[in-house]
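Take a look at the structure below.
Proteins get letters first, then strands, A, B, ... in listed order; numbering begins at 1 in each.
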Amino acid sequence: MSQTTEPTADGVPPHRYTPALAQQIELAWQDRWEAEGTFHTPNPVGPLSEGFDRVADRPKAFVMDMFPYPSGAGLHVGHPLGYLGTDVTSRFLRMDGRNVLHPMGYDAFGLPAEQFAVQTGQHPRVTTEANIAAISAQLRRLGVDHDTRRTFATIDPGYYKWTQWIFRQVFEAWFDPETDRARPITELVTELDAGTRQPAPGTLPEGQSWAELSPVERRRVVDAHRLAYRHSAPVNWCPGLGTVLSNEEVTADGRSERGNFPVFRRPLTQWMMRITAYAERLIDDLDRLDWSDSLKQMQRNWIGRSTGARVRFPVSGETVEVFTTRPDTLFGATYLVLAPEHPLVEALTADVWPDGADPRWTAGAATPAEAVEAYQLQASRRSELERQTEGRDKTGVWLGVTATNPLTQRQLPVFIADYVLTGYGTGAIMAVPGEDTRDWEFAQVLGLPVVRTVQPPADFDGGAYTGTGPMINSSNEQLSLDGLDKATAIATVTEWLVANGCGEATTTYKLRDWLFSRQRYWGEPFPIVYDADDLPVAVPDSMLPVLLPEVDDYSPKTFADDDADSQPEPPLSRATEWTTVTLDLGEGPQEYRRETNTMPNWAGSCWYYLRYTDPTNDQQFVDPELERYWMGPREPGDVGGVDLYVGGVEHAVLHLLYARFWHKVLFDLGHVSSEEPFRRLVNQGYISAYAYTDSRGFPVPAADVVERDGQFLYEGQPVHREYGKMGKSLKNVVTPDEMIAMYGADTFRVYEMSTGPLDQSRPWETKAVVGSARLLARIWRVVVDEETGEVRAGDVEPDDDTSRALHRAIEAVRDGMTTLRFNIAIARITELTNHLTQAFPPGTAVPRSVAESLVLLVAPLAPHLAEELWSRLGHAGSVAWAQFPVAEDRWLVDDTVEVAVQVNGKVRAQVAVPADADAATLEAAARADEKVVAQLEGKTVRRVIAVPGRLVNFVVG
RNA sequence: GGGCAAGUGGCGGAAUGGCAGACGCGCACGGUUCAGGUCCGUGUGUCCGAGAGGACGUGGGGGUUCAAGUCCCCCCUUGCCCA
């Protein structure tokens, strides 16, 4: 924006694109963008609709990142990779004629700020807001095109008011299995009152009907139907953190994801969300999304659908229902196993051991009841994870009774064993030791019979055979599965079970309901109070937000890591002036007790994308018209959603599953028109870095390591090179600030985008950044004379070679931009630049049309440089709103092409032919080439393949 | 153990089944420069050959095809997810 005219002390031309000039240009344009509101995205209606006329005829594009947690450490060069990917995309789409929404916000509730607050006494809001300010300054300096009017943090009361409102919607809804969707809870009450619907199984008190219940009992029944409900069940209690955790927050070895403290299963009353009701839709709708296959697979695995059958076994007057994924092996079932906690255990247990009871089955107890009691106690001390661990010695005791196999009439002894879990399937299994490893191990320990029903290969000498093969030993008078394959056998036996009333096909899921309450301070308070009956009541919308109260002590009560019997005590429970409140909820002023748990960290990120579309609305969580405009389906059957969502793969199951669940609830209740939140999702790669350790194994500062003759040296001493995540502990952090100071933001942007496709991880290499700086300096030199500062663009027509180079570059750059392979876009821009540097040496005029196109091509990648050159080329408006070049077809094809001539697949010659030459012409031209003649001499040509525009291949014998 | 993804020069990486290694880094040589940790140019897969040229070459093995980095099967290695 300003011309440097200082003389040069060091031989550098006065108007060269140096880092100092880049800095100056970048800061000036960032100020101008802000002053002019260049990146303000107009909404069709409402307070942000100013300027919509300008974009009314454009298709919309909603592009966003997973918003960051504002950590105090700031950003290193790995963080902006995704942010720059969406920035280049949004700038490209704006230039290509879209109305682009590219916002950014902060996911600001969470543990680190709270833990810092506990240590320092500083309110978490203070540190969090300081961190937000620091990160936004870093983002601004990168030159990203966020509409900052739409920026918010999840801790803003104006935002979490609506997080609470959505919780209320979930609380005030139930899932109707008949229509497979959520409905308002009031409709359930109406149907129950009218007798047109029965309460869900297990929700009524034993032996009573809805009509007989008292009002309080009825409320308990209704509460048990809600999508957000309180439930006493074994949950993950983490004494070290003083809070409960969701399954998703517990690692495979039974510790907390944050802090790595031991986690115990304990029955506690907690808020749950009924995500399991949506398991089927969450799996099925993956097929309608533009996500990577691996990511979809992770979600499928997490939800864990397995299809199989429920089979009913009569046992001494009762019926035990088992779930199996292998009903085809029913002929091989030789015993049953119930989870030790199975509700029928007590009723089934025999009074005395039958005569001749196997001592291995009785655990030496005098009676079955004694054995069962001892075993149940032992099992309760084991974690669920421990119980599932393979290879552990199998244990169990007999109940003293037998069940009848409906196919064979064989009597099957019934056991309890801790390898069967209550939470999965029906909590009972039919054991098929011939085809199941765990059943085999159990059968070996207890001396139980094995019947093989799948033919193993001849050389199979193992125990359980879990592979495929034809069915054997599987027939009775009515039914034979022998010889069938697995799928046919499953279908056949399931049909028989249904016909004989012994079972039916069914589907189960591994997914559990979402544990939604935490005993923490720094989270959204629940919009819930408890009345005199100790039942939950939602705080009405008019009283939202329920503000987080000020407290003296932010810490939950924590306990010794291994104190499994400790009780949760949330920090808010100590804010006694806040916890008790008098409200008039329609029955006159009454005293209520507030919920003192807070929502989990994931709540705020479940719907933030919706708020970007209407960030200032204080009447609704989002204006339906704005949701339809930015998120709505494009055609009937389309799921809608954000057009491009970029973020780390670490959120593959947690955030992405929770957000999809909330979105579907909001869809069912009619609050949004889109069925899914994120239409297209891309996981950006990671940037890792080399780290160096000295002879003692300690990391040394990576920046000070030098390479000499393939050896790495630090202060003259050889060091060992390792490769890992960028971080303080490895002393290998590089920050964007350092890179910007060294080269400017544009160079940093181009370098990050040039090292590979967006979804690929790559190592950071500071010394390679200079390549991007050189490219931008060459582009500058094409437009600006380094010596005089004059613009080199002149009114000359480009020659044909230049036109072809330009239009090929345009075509390839567009392709790279739309497929997020910015590296190939940059490679083609480099080729074009190199061509122009050669074709138009300093002192000659560069065709204006070509120079301008080059600037437009690079504008999404290096926006400040492009703005400066665009303005020097005489344009008043921002290049961000200029039209992105469109390739002309006539320049994409050559008049003549070089075609490879192969003999038996090996390239032997090149011939030039007209681009539109047909196969015959190609062959004739190839045969006329002297090298080809020499190759074919004395040989029989058996076949000729000529592909127009590609090659000719002679197959000779 | 199961599932998914990926293995291409010294490095990051290109390549609708059709001339492997685009583009960049690094390196070598040359030029500019008082100087170079500047800039510009040329070269750079491996082996043989002075050269022209030739042979080999995309983790390993097999297959499909006129033609395979690309498609299929088996194996090895690495990464991620789930156990």
Side-chain angles (χ1 to χ4, degrees), chain A residues 8 10-13 16-19 248 251-253 292-304 384-385 388-391 437-438 466 510 648-650 652-653 683 685-688 690 706-707 709-710 721 723 742 750-757 759-775 777-778 781 786 808-809 812 815-816 821-834 837-838 841-842 897-911 922 931 941-957:
Chain A
T8 121
D10 51 5
V12 175
R16 172 161 290 176
Y17 182 73
T18 58
E248 287 83 351
T251 60
D253 54 348
S292 73
D293 289 338
S294 64
L295 197 75
K296 289 183 184 179
Q297 198 55 43
M298 279 187 228
Q299 291 230 333
R300 282 194 199 101
N301 286 343
W302 192 264
I303 298 167
E384 195 161 315
L385 188 101
Q388 287 179 81
T389 306
E390 276 174 46
T437 315
R438 291 158 306 174
T466 56
K510 206 167 69 184
V649 71
E650 70 273 17
V653 283
N683 292 127
Y686 285 94
I687 292 187
S688 42
Y690 291 113
V706 293
E707 184 181 357
D709 308 325
R721 187 165 82 161
Y723 184 60
M742 205 182 294
V750 169
Y751 172 71
E752 282 226 341
M753 294 297 101
S754 72
T755 48
D759 56 3
Q760 192 166 311
S761 293
R762 70 279 320 250
W764 178 263
E765 200 182 356
T766 297
K767 70 175 180 185
V769 180
V770 67
S772 301
R774 287 180 191 147
L775 169 65
R778 284 205 298 280
R781 199 147 51 228
E786 287 191 327
R808 280 203 190 125
D815 182 50
R821 294 179 304 159
F822 306 112
N823 55 324
I824 65 161
I826 292 166
R828 300 293 91 86
I829 290 172
T830 308
E831 284 175 332
L832 174 62
T833 306
N834 291 348
T837 303
Q838 301 237 312
V897 287
E898 288 271 303
V899 165
V901 183
Q902 300 181 333
V903 177
N904 283 350
K906 288 192 195 294
V907 180
R908 297 297 179 185
Q910 300 280 338
V911 292
L922 229 60
K931 282 187 198 157
V941 175
R942 298 190 184 281
R943 197 171 160 191
V944 181
I945 291 96
V947 184
R950 295 256 175 228
L951 51 55
V952 185
N953 189 11
F954 291 97
V955 184
V956 302

Kindly write out the residues that satisfy ring pair (Phe, Tyr, Trp, His ring centres under 6.0 Å) with A:Phe954, not counting sequence neighbours, or none if the list is empty.
-> none
Ring pair (Phe, Tyr, Trp, His ring centres under 6.0 Å) partners for A:Tyr17, two or more places apart = A:Trp780
With 3.5 Å as the limit, what N/O pairs link the protein to nucleotides 61-66 of chain B?
from  : atom 1 : to       : atom 2 : distance (Å)
B:C66 : OP1    : A:Arg943 : NH1    : 2.9
B:C66 : O2'    : A:Asn953 : ND2    : 3.2
B:C66 : O2     : A:Asn953 : ND2    : 2.9

Please confirm whether any donor atom in the side chain of A:Gln910 sits under 3.5 Å from an acceptor in the base of B:C19, or the reverse.
-> yes
Report yes if a donor N or O on one partner sits less than 3.5 Å from an acceptor N or O on the other, where the partners are the side chain of A:Arg774 and the base of B:U38; otherwise report no.
-> no
[N] to [M] separation - [atom1] atoms, rounded to the nearest Å:
N: B:G59; M: B:A5; atom1: C1'; answer: 16 Å
N: B:G7; M: B:U58; atom1: P; answer: 14 Å
N: B:U78; M: B:U8; atom1: P; answer: 14 Å
N: B:A55; M: B:G37; atom1: P; answer: 43 Å
N: B:A15; M: B:U70; atom1: P; answer: 15 Å
N: B:G43; M: B:C23; atom1: P; answer: 11 Å
N: B:G62; M: B:C76; atom1: C1'; answer: 15 Å
N: B:G24; M: B:A35; atom1: P; answer: 28 Å

Nearest heavy-atom pair of A:Ala825 and A:Gly816: which atoms, and what distance?
-> CB-CA, 4.4 Å
Between the OG1 atom in A:Thr830 and the CD1 atom in A:Ile824, the distance rounded to the nearest 0.5 Å is 12.0 Å
Atom CD1 in A:Ile826, atom CG in A:Asn823: separation rounded to 0.5 Å?
-> 7.0 Å
For [X], all residues meeting side-chain hydrogen bond (donor to acceptor under 3.5 Å, both in side chains), sequence neighbours excluded:
X: A:Asn834; value: A:Arg778
X: A:Arg908; value: none
X: A:Asp759; value: none
X: A:Gln299; value: A:Arg660

For A:Ser294 and A:Val899, take the nucleotide of RNA chain B holding the closest heavy atom to each; which residue's nucleotide lies nearer the 5' end?
-> A:Ser294
When the nearest nucleotide of RNA chain B is assigned to A:Val947 and to A:Lys906 on a heavy-atom basis, which residue is associated with the more 5' position?
-> A:Val947
Residues in side chain to side chain contact (heavy atoms under 4.5 Å, CB included) contact with A:Ser294, at least two apart in sequence or another chain = A:Ser292
Sequence neighbours excluded, the answer for side chain to side chain contact (heavy atoms under 4.5 Å, CB included) partners of A:Ala768 is A:Tyr751, A:Glu765
Syn or anti conformation of B:G51, syn meaning chi within 90° of 0 | anti
How close or far is atom [atom2] of [N] from atom [atom1] of [X], stated in whole angstroms?
X: A:Arg942; N: B:A67; atom1: CZ; atom2: C1'; value: 17 Å
X: A:Lys296; N: B:C4; atom1: NZ; atom2: C1'; value: 14 Å
X: A:Arg908; N: B:G53; atom1: CZ; atom2: P; value: 13 Å
X: A:Met298; N: B:G2; atom1: CE; atom2: P; value: 19 Å
X: A:Arg808; N: B:C23; atom1: CZ; atom2: P; value: 14 Å
X: A:Lys767; N: B:G10; atom1: NZ; atom2: C1'; value: 9 Å
X: A:Trp764; N: B:G24; atom1: CH2; atom2: P; value: 18 Å
X: A:Asp815; N: B:U16; atom1: CG; atom2: C1'; value: 11 Å

Out of B:C40, B:A22, B:C4, which nucleotide sits closest to the side chain of A:Arg781?
-> B:C40
Select one nucleotide: of B:C82, B:C23, B:C40, the one nearest the side-chain heavy atoms of A:Arg778.
-> B:C40
Examine B:C39: is either OP1 or OP2 under 4.0 Å from a nitrogen or oxygen in the side chain of A:Arg16? Give yes or no.
-> no
Residue-phosphate contact under 4.0 Å: A:Asn834 side-chain N/O, B:G24 OP1/OP2 = yes
Atom pairs under 3.5 Å: protein N/O with N/O of nucleotides 12-14 of chain B:
from  : atom 1 : to       : atom 2 : distance (Å)
B:G12 : O2'    : A:Thr755 : O      : 2.7
B:G13 : OP1    : A:Gln760 : NE2    : 2.6
B:G13 : OP1    : A:Ser761 : O      : 3.1
B:G13 : O5'    : A:Gln760 : NE2    : 3.0
B:G13 : O3'    : A:Asn823 : ND2    : 3.3
B:A14 : OP1    : A:Asn823 : ND2    : 3.2
B:A14 : O5'    : A:Asn823 : ND2    : 3.4

Could you list, one pair per line, each protein nitrogen or oxygen that sits under 3.5 Å from a nitrogen or oxygen of nucleotides 44-46 of chain B, together with the distance?
none

Between A:Arg762 (side chain) and A:Glu752 (backbone), is there a donor-acceptor pair under 3.5 Å?
-> yes
Of all the base pairs, Watson-Crick or G-U under 3.5 Å, which form stems of three or more consecutive pairs involving RNA chain B?
-> B:1-7 with B:76-82, B:10-12 with B:23-25, B:26-31 with B:39-44, B:45-48 with B:53-56, B:59-63 with B:71-75
